[in-house]
Amino acid sequence: MSIRGVWVILDYSDHPPSVLYSRRYPNIERRALKYSSKPFPHFPVPSDKDMCNAVMQEVGSVRENDLSQTTIRSCDKNWSKPVYELFEGRLWPVVLIQQKNIYFVTLPLSQHKLSEERPIPIEIPSIPVALELLISMAQILSNSPEKIKVDGPFLSSLHQFLSISVPMGTILETNVNTYSSYVPVLTEQTLPSQLPDLPSWKPVVFKGNPKLTLKIAEKVQLTQWDLTRSTTFWNTYGTVQCKTELEGVPEITLNLVIPQGGFGLRTIHTHPSVHMFDAQASTPDPEETNSITLQGPLMLAHTTSSTKIRFSPPLGWFTVCEYSCSERNLPVHSDFAPIKAYYEMKGTHKLEFYIHLKLDERVRNNFEYLEITIPLFNRGPIQTADIRPASMQVSISSDQRRLIWNVDKKFPKNLEQTLQATVTFPEDPGESVPGEDPLCTGLTAYILINFRILDFTISGIVIEPRSVVSFPQSKYKLVINRELSSAEYKIWNVNGDTVIPQLAQ
Amino acid sequence: MTTKPQTANLFGNEWARDINMFLANPTSFISKSSKTTDLLIDDMLMIISTSSTILSLKLAILHVFLNVELFQTSKSYLTKIVTALEYLSSQFVEQKDNLFLHQLLAALTTLSIELDERFLHDSIQLTKCVDLLLIQANQVADGTRSERVLVRSAACICLSELEEVYPGILYSKLSYLFQYCQLEKTFIRQYYLSLFCTVLRHSLLKFKSIEFEEQANSLQFFFSPTTVLIPFIPPKNFREESAHLLCSSVDCVMSPNLEKVDLKKSFSTLLDASTNMTHTMLANTMHKLSDCVLLAGTHPSILKILYHRYIHSSSIVLLQLVYSLKAKFGRELFDIAEESSFERSIFWALNNPHNLNPHTLLLYTWLIHFPILDPITHREDNRVPNGLPLFQLCYPTPFDSIDLTVRCFHLFSASELILEEPRSINTHLSVLVQRVKSQPGSYATAAFFHTLYLFLHRSHPALMIQSIRVILTDLYLSYPMLAPYLINFMLVITSIVPANNFAIPMLSYIVKHLQTLRQVRTADLMFHLQLVEYAALTPKFNLDSLLVLLHSVLQPEVLEEGDWHLGHTILDVCRALLLGIHSDSQFQRACALLYRIRAKYTDVDVCNEAGFLLILITSVSTKKYRPLLSKASETNAEPSLKDLVVGTTFQLTAPITHIPEVILQLEKMPNKTSSSSTAYSNPPTVTRDPTEILKQYLTATDQLIDTSFQLNFNLSYAPHAKPSTSMQTIYAISLHLSDNPHYHPTASITIPKLVYKAPSENDKRNVSFEFRPKLPFPAQFSVSAIFSLQDGATYQTPLAHLEVSFSDLVLPIPLPQEISEQDTPALFEALWSHLSRKCFSEKNTESKCTESFIKLNKPSESVTRILLHTLSPNIVTSSDNLIQLLLYIPPRHHILMKARVSPDSTDVSILTDEWRLLSYFNQYMHTLLAQM
């Protein structure tokens, strides 16, 4: 599972696109040449400039929200993201992902010589590995400043990552956490004289104060457009994560419990190294699959259910399992919403809107933060804003296109909050600024609710502290956290259109 | 190692930026550094071998060696680098930076392969590299000594890579590798396992050529070492065998009766160790292991554990592994329930909200092609597990991006459920329609049309044509800028839906609607006309309605406004109409239209074009004018000034044609123009004291702005050239010289005409090239000529290389005006003393001055004659036994000679301020003397 080359291309609006970093692997290129055949002659790795132009041509022709595009994308052209073909199909496969203004590109090696037809993507093992590599590269550069310097530390980190993970073209590692574990081993000049038997995903042992941190991080996605007709789509999903700062290679066992009143888990996916079995079972079945899928309609759990999980974690944060409260991971169409909201807006240059929030009584009334963003796009900058009641903490964003309402961390006794406002705009809205959603025109508008609640989950899932056991036994500090935060939580204006697919009932 | 370089300060404090500049344009960097490539490599090797150099700089330089093509295309450069890296690697005990050592081995292996493949083909370098790596990999017997851990892991990685490039090369070491797998216990064990598995796979592939009866011996060889570890001896013809193994298909190659206990044991070792591998290495190794199982003819049930472990994995890498097992072994490994379970697993995975967008898109791509490739319009859906409707699992959700929405519809369009509810396609597509309405002409628009295409392509088109037509008509009439998309859509679906079923009814409705419009914005009108032009070109479309529409479009205000673009767009429609009209009444109406434009349109260009068309169709028969107009209509370019003047019916000029043969030559004229153009910004004052003369001279040369010289040539047809008749006279011949890092760019020269006659009478043109050296070295330039023929065609041909030899560089000393020729001897002596001091000064380590001495064992008369004949402009003094010469080598260097002539020999002392000139001068003198 090898790659022929890798590129990082910058596309800032005030500068022509350019290659920030590139690396080629001549050995892999040599193999690619040997694998080429008549139907698919070898197309050599292009120069940086040619690759940059080809990528920009491919992605630029269908740039999001680009009204100025002059090239029409033919309707029969394949949509095969993240696998592309460049140079009129002669260079394939090309894996490409985008993060803000940066494109990460790589050429996986396709080893199908004898076939007369181009192989399908699932038949090429290099493609998913190459994709993982690009995602890791994007992760490394994710904290970089807006304009990355050629000689800066971020690029140096990226170079080091590729030098260790892909030294000669064959991808050896894509997990950033595992790579981070290797770095001290590689850069440390003095190592212990004897190294213990360790798995590859844990090359060094922890030294320090022993601590075990478990975190249940749950998110809720919701979109709602007309409260009166109960048209709400939501999805709750979460992860159970673990960070083990214990010496040696301990094995951790714990119980996941869904108490009475919780929504119940519909699907759980665990890490391949995790063993999961019924908490009542005396011995786990080693052949048991690492997933439990519960059949049946969405319903509240009437009895407490418990699942035992056993695993050997690597260093750093480790996702033990991922779960979803909805059936088959799909959003649910139902009445429930942690925060029900009603948003009504009308007007043109002078907008009047009304927002009503109601917290579900089953949700913990103690927010770490609760913020409502009210985008007022494609109308120009906000001129005046009259807020009622005046005590509400409402501010205008720096680009003057949004109102931001910082709601109190606790709802009052009636669990409701209301905001009314009148906002005026100039007659001539002027040019759009970057970041404005083109969907928001006329009365088509929405508000976004961002919140976080500590020590609470919708699913009700908890970890029994007394069930957490490490083997071999040792003393350590145990920290268990839970939190619920919003993912995309969107409430549409009842007076406008919405962009939501209509499910066939 | 090579000689010590002049300086190790190759990259300054901003070394990262310098290295990036170097990588971006190595040639430019080298020329600006005033170093040769050899010296540059020396410097870089010195830097990485210095222990005090910071680690990141060392790694960056290794990266340069691997990524700069210039180093790898020259055998000498590559050999130098590989030799140095090999030496450094063998001194690993002294290396403190584990990461550097890790990268050093990788660079050495990569470049050794490059060297062998490009130049050597004798495997000596490869053998040395493998020996080095095997020694390191073998250290597993020492246990877990940490300083060996990383070197060993690097060695395993490098050996794996060698084996991938030359499959089978490590066949003889398989037994050792298996032992290492069992002995190694640290976290790097996965690299040993991967290496072993790679070599095992290729070794098993070799069994294709082994008779069944002989296979037992070969298999026994795997697990019992019969050869020493080093020195490594590559197999005979390993390159040919490697090429053959690369192409070999993976199918069972072993006799079913063969005892495979040890082989199965090795499989079990690999599987047992897999839980301690990282996902990436696990997938890598297990892919190869599955090939080994297939090659060995072993039952694949041994691999079932992988299915159980990873079928519900959230890692797409491991999901792909399970798929590959399914593809390789089919029902031998998976029963129907397990296959269905796996398919369900992919469905679950693609709806996993924790997935990143690219993961989900990739999973959809897999699903679209899984497990069969055929369109599934009429397929029997026996692959879908009972009770699991595809519909809900692949329907867009409110949280999906445009890309995901398109993918969902791609799957949904293939679902049998769409056949049950074709009328609700409006409902299904509403999410995309809303996006199109909010921003027509955007990404969402492309997504929408692609989705429509998918629906028509993968499902019963007849059931949804009506719905799609309605959607598109409504959309277009609200948003005319969708015209290009609509036209593209109609073009593409012609193969699926005949035009009279889709395009014609829709276009007819639109045209009818447009006829009712009173006022249309110009921008919208342009789009409408594009659609009308398409309609005019659609066979069997009712052209009368288009003619009526065009007449209604040409309102007085439109004619008066006279927009140039609009006018040409209308004329494009007219041309399209003229291709299809078939009745007299239509013809008359077309003529009336053109006449109206000709008479009333205020833009002159449009008027003229309309007039031209009118004359054309009224003067020439339909049979003749239609081919002309159809060519014009086929071009999609915007109307241009050229089209305006000559129309689009004239063929465009062809691009430059390259002629590989040499048909022209440049002959160097024997007497060069030795005038050097010098420019002094401040003329020196006149004095007679030698020190003062020297000072004046040095001041003047320091202030030299430019030094150049000219070489004269005769351009003619090459003696062997036999040009065709059309090429016997060529025009506008432009001669171009290539760039050279030691010279400023040389201006091109153009000669108006050259005629070919008999070889002895060939037309010759005198040309002069002016050269401005940056460094005082000879050079070679490649020359090309571009010329035109009478018919306007342009050609390009190479000429023979143009040499600027050392003798061309030798110029008389450029004396400033204030120094007369009588002062030259004094200047010579003063310059000699000056350079001697510089040469021998202990303080001046940067000096390039050097003195040399040669003894010519030739009679004095011969030497004197040669010097006086060839270097007379450079002679300063000449007596019976001493000749002093001063050679000026531009840009501002000198060679001073004192030739002491005796009857049988001549002692020549040479002093120069650029030591690199000595080799050229030496060669020059030998050439001269050889002529005696």
Side-chain angles (χ1 to χ4, degrees), chain A residues 1 26-27 34 62 64-65 67 72-76 79-82 97 113 120-122 125 128-129 131 150-151 163 167-168 171 173-174 178 186-187 189 191 194-195 197-201 203 221 223 233 235 237 269 272 287 289-291 322 329-331 438-439 441 488 499-502, chain B residues 16-17 20 67 96 98-99 103 106 110 113-114 144 146 161 165 185-187 190 246-247 276-278 280 284 287 308-310 312-314 316-317 320 323 351-354 358 361 365-366 369 396-399 403 406 427 430-431 434 438-439 441-443 446 449-450 453 484 488-489 492:
Chain A
M1 293 181 293
N27 295 334
K34 291 177 185 175
V62 282
E64 284 267 7
N65 308 327
L67 287 170
I72 302 298
R73 188 182 175 97
S74 181
C75 64
D76 60 345
W79 282 49
S80 53
K81 276 185 183 182
I97 65 169
K113 185 181 170 69
I120 55 178
I122 198 174
V129 183
L131 178 62
V150 160
D151 53 352
S163 298
M168 301 176 73
I171 302 175
E173 188 50 63
T174 59
T178 310
L186 281 167
T187 54
Q189 295 195 356
L191 291 168
Q194 289 282 337
L195 288 173
D197 294 354
L198 292 172
S200 299
W201 38 264
Q221 260 178 334
T223 188
F233 260 103
N235 191 8
Y237 55 93
H269 285 270
E287 293 296 317
T289 61
N290 292 333
S291 170
E322 298 166 344
N329 289 334
L330 286 169
L439 283 172
T441 53
E488 189 183 322
V499 182
I500 295 175
Q502 305 289 328
Chain B
R17 187 199 60 195
N20 276 306
N67 282 270
K96 298 299 178 196
N98 292 314
L99 180 54
Q103 296 300 299
T110 304
I113 294 172
E114 279 299 300
T144 58
S146 54
E161 200 57 40
V165 175
K185 301 293 181 203
T186 69
F187 64 92
Q190 64 177 4
L246 265 176
C247 306
N276 279 345
M277 291 185 179
T278 59
T280 313
N284 199 342
H287 274 293
H308 287 295
R309 274 191 204 144
Y310 306 125
H312 297 294
S313 173
S314 53
I316 56 170
V317 173
Q320 201 278 335
Y323 170 79
N351 281 311
N352 184 352
H354 300 279
L361 290 172
T365 305
W366 286 358
H369 296 289
T397 73
F399 308 110
D403 287 310
V406 171
T427 312
S430 62
V431 60
Q434 284 159 356
S438 68
Q439 198 181 15
S442 67
Y443 191 63
F449 278 92
H450 179 64
Y453 166 76
N488 169 262
F489 181 73
V492 166

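Here is the naming used below: chain letters follow the sequence lines, and residue numbers restart at 1 for every chain. These numbers were taken from a predicted model, which means no experiment stands behind them. All values below were derived from every heavy atom in this structure, side-chain atoms included, with hydrogens, water molecules and symmetry-related copies excluded.
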Please give me the minimum heavy-atom distance between [X] and [Y], naming the atom from each residue.
{"X": "A:Ile171", "Y": "B:Thr280", "answer": "O-CG2, 3.4 Å"}
{"X": "B:Ala106", "Y": "A:Pro167", "answer": "CB-CB, 4.2 Å"}
{"X": "B:Val165", "Y": "A:Asn27", "answer": "CG2-CB, 4.1 Å"}
{"X": "B:Gln320", "Y": "A:Ile122", "answer": "NE2-O, 2.6 Å"}

To the nearest 0.5 Å, what is the distance between [atom1] ([X]) and [atom2] ([Y])?
{"X": "B:Phe449", "Y": "A:Ser74", "atom1": "CZ", "atom2": "OG", "value": "11.5 Å"}
{"X": "A:Lys81", "Y": "B:Leu361", "atom1": "NZ", "atom2": "CG", "value": "7.0 Å"}
{"X": "A:Gln221", "Y": "B:Phe399", "atom1": "CD", "atom2": "CZ", "value": "4.5 Å"}

Next item on the list: Against chain A, work out which of B:His287, B:His354, B:Gln103, B:Glu114 has the most heavy-atom pairs shorter than 4.5 Å and name it.
Entry: B:His354
Need one label for [X]: side chain, backbone, both or neither, based on atoms under 4.5 Å from any heavy atom in chain A.
{"X": "B:Val406", "result": "side chain"}
{"X": "B:Tyr453", "result": "side chain"}
{"X": "B:Asn67", "result": "side chain"}

Note to self: Treating B:Asn488 as the side-chain partner and A:Cys75 as the backbone partner, does any N or O pair qualify as donor plus acceptor under 3.5 Å?
What the structure shows: yes
Note to self: Any non-hydrogen side-chain atom of B:Trp366 less than 4.5 Å from a side-chain atom of A:Pro128?
What the structure shows: yes
Notebook entry, point to check: If you tally heavy-atom pairs under 4.5 Å against chain B, which of A:Met1, A:Glu173, A:Glu322 wins?
Noted result: A:Glu322
Checking heavy atoms, do the side chain of [X], its backbone, both or neither come under 4.5 Å from chain B?
{"X": "A:Ile97", "value": "side chain"}
{"X": "A:Leu131", "value": "side chain"}
{"X": "A:Thr178", "value": "side chain"}

Notebook entry, point to check: For the residue pair A:Trp79 and B:Tyr443, is the inter-centroid distance of their aromatic rings smaller than 6.0 Å?
Noted result: yes
